[in-house]
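Some notes on the structure that comes next.
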Amino acid sequence: MANVICIVSQKGGTGKTTTAVNLAGALALFERRTLLIDCDPLGNATTGLGIEKPTLSADLADVFTGNAPIEEAVVDTELPHLRVLPGRFSLMEVEKALSLSADRQRRLRKRVETIAEDYEYILLDAPPSLNFLAVSAMVCADWLLIPVQCQIYTLEGMGQLLAIAGSLQQEHNPGLSVAGVLFTMCPDAAEGQISCPEEILGTFRKNLFHTTIPWDGQLRESSDFGRPLVLHDITARGARAYLKLAMELVHFFEQEIRPFGEPSPNSKDSIEAGAP
Amino acid sequence: MKIRITDPEIIRKQERDLFEVISENLDWEALSKVFRARHRLAKITGMASRHGDFVALKDEVAYRLDFDVQAVIGVVFDRSGNYLDVEAEILEPPSPASAAAADENAASPPGPERGKTPKPPQVETEPDTISLDQIISNRSEMILDPGRRGTPSPKPPPGQKISKIATELADMISDINGKKKR
């Protein structure tokens with residue numbers, strides 16, 4: 001059964017889509033059967049994987065509304081282990097179309113469950129808001145990965161997202177938990193590390209991924225080419241960081257080996273551990 | 001001068017029997033709604049009658065039943081330590097109409113009134129679970145920001161403020177991960 005990870009942040013510009021595309025690409029390079037679900041009506045993750053949206057016969061909106069089976073909407077990418085369930089502007093109409101449907105917030109989860117056996121990792125790229133699509137993505141997921149810009153002040157406002165995640169866990173998805181917070185766009189000076197005194201982060205530090213994503217202009221440029229940076233230039237700093245993040249997740253989910261001797265995901269202690 | 005004219009045990013037994021019959025025929029769902037509306041309880045997990053008695057209310061005989069109620073009550077407070085009435089957000093506060101109805105039901109005897117057709121307590125219905133829209137509209141406002149609620153506190157130094165936020169976020173994540181069901 002796939003590990004279903006929702007990449008979510010209510011704030012725009014935190015690197016959600018970049019993380020979704022490059023993490024998916026990195027997992028596929030490690031030959032993990034990966035599906036990326038683009039839940040953002042802008043469809044940037046779809047474009048970032050080289051999918052021509054106008055040519056699609058079906059997309060995530062069709063899966064939501066039942067116009068197409070999920071298997072038919074999933075498309076291949078140039079990486080053999082990576083497939084994508086594309087999103088585009090039609091997603092804007094989904095909430096309205098399902099407004100009278102009972103249990104609509106679990107609809108995506110039900111659809112994804114039917115194909116979860118086919119993949120080892122399913123990543124959901126949530127839109128930068130806390131709307132129906134983001135909530136559906138969180139209800140669908142087992143884990144939340146929260147990217148934030150590498151500035152300690154960006155932690156402000158995360159409480160809103162966590163409050164909603166807590167409510168969703170209580171009401172709709174009891175298996176939901178927070179995998180961790182990923183610092184992105186870290187400046188050179190930080191050398192990929194958070195230059196923040198231990199006493200300020202305190203107990204929050206255990207919720208951070210060990211990997212941080214450096215600022216790398218190539219990450220943005222590669223999306224213009226419709227490829228993850230891990231395919232476009234695997235030697236780039238940004239690509240290496242996402243490969244490292246993928247390795248961290250693989251260790252966490254598959255080998256149950258955690259850096260620095262932290263508990264594995266299935267051990268009792270991991271409840272408190274948070275980030276892989 | 002006291003002159004006993006019947007066996008008091010018979011009276012007590014019949015009273016007990018009466019309250020047992022009343023208890024057995026209570027509409028527990030309606031009663032639960034009355035309690036939730038009147039006492040603004042988010043969720044009642046258990047309820048049992050423990051004692052019954054006759055009372056005089058507005059020159060009429062009424063029945064009083066006491067209940068043991070198990071309820072889940074959460075307490076939330078902001079970063080300044082001020083209590084936040086979050087339960088009132090989760091469970092919409094009773095409207096004047098529903099509060100009046102609840103008051104009326106609470107004052108009325110649970111048994112049939114004289115000369116009137118028995119009717120179940122009338123309380124505005126509430127969903128047992130919180131809808132998605134409620135979560136989004138209510139919880140999205142639940143940002144633990146002291147500037148939004150209560151008395152504004154003096155601004156702490158930036159490092160201290162972030163440290164408090166970080167601690168709160170860590171607690172929230174720990175809470176979510178601690179409640180995960182596999």
Side-chain angles (χ1 to χ4, degrees), chain A residues 10 95 99 103-106 129-132 134-136 139 142-144 146 151-181 196-197 199-208 265-266 270-275, chain B residues 42-43 45 72-80 84 86-87 89-91 126-149 155-182:
Chain A
Q10 78 272 36
E95 183 171 12
S99 60
D103 211 17
R104 61 196 174 122
Q105 54 270 28
R106 288 180 56 84
S129 63
L130 293 171
N131 59 12
F132 168 72
V135 165
S136 293
V139 170
D142 304 317
W143 300 90
L144 301 182
I146 307 170
Q151 276 187 331
I152 195 68
Y153 288 93
T154 57
L155 294 181
E156 282 185 295
M158 196 189 292
Q160 188 182 21
L161 171 65
L162 293 175
I164 288 177
S167 293
L168 291 175
Q169 182 198 49
Q170 195 178 341
E171 298 298 322
H172 301 291
N173 185 6
L176 183 67
S177 59
V178 179
V181 175
C196 184
E199 61 268 23
I200 287 186
L201 278 180
T203 54
F204 185 75
R205 186 174 283 278
K206 70 182 179 186
N207 298 299
L208 296 174
N266 295 325
S270 69
I271 284 172
E272 288 294 318
Chain B
K43 191 177 274 186
T45 57
V72 179
I73 301 175
V75 176
V76 178
F77 46 92
D78 65 17
R79 291 197 296 269
S80 302
L84 298 178
V86 173
E87 291 301 330
E89 287 188 5
I90 298 170
L91 183 66
E126 296 159 6
D128 286 337
T129 56
I130 306 163
S131 73
L132 173 66
D133 294 334
Q134 281 177 293
I135 290 170
I136 292 176
S137 62
N138 295 338
R139 286 301 184 99
S140 63
E141 294 302 319
M142 204 190 85
I143 310 168
L144 303 182
D145 182 350
R148 289 198 175 200
R149 295 172 186 277
K155 278 189 177 176
Q160 191 182 333
K161 184 184 172 194
I162 296 301
S163 180
K164 282 183 82 173
I165 292 172
T167 303
E168 285 168 4
L169 293 175
D171 290 346
M172 291 176 86
I173 291 173
S174 179
D175 191 42
I176 291 169
N177 290 356
K179 288 179 182 167
K180 177 187 174 86
K181 288 178 187 163
R182 295 181 186 277

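Letters A, B, ... are given to chains in the order of the sequence lines, protein chains preceding strands, and every chain is numbered from 1.
- Across all non-hydrogen atoms, the minimal contact from Ile176(B) to Ala165(A) is CD1-CB, 4.0 Å.
- Residues Gln169(A) and Lys180(B) share a closest heavy-atom pair of NE2-N, 3.3 Å.
- Side-chain contact check for Ile173(B) versus Phe204(A): some heavy-atom pair is nearer than 4.5 Å.
- The nearest pair of heavy atoms linking Ala163(A) to Met172(B) is N-CE, 3.5 Å.
- Using a 4.5 Å cut-off between heavy atoms, Leu162(A) contacts chain B through both its backbone and its side chain.
- With hydrogens and angles disregarded, a donor-acceptor distance shorter than 3.5 Å links the side chain of Asn177(B) to the backbone of Val178(A).
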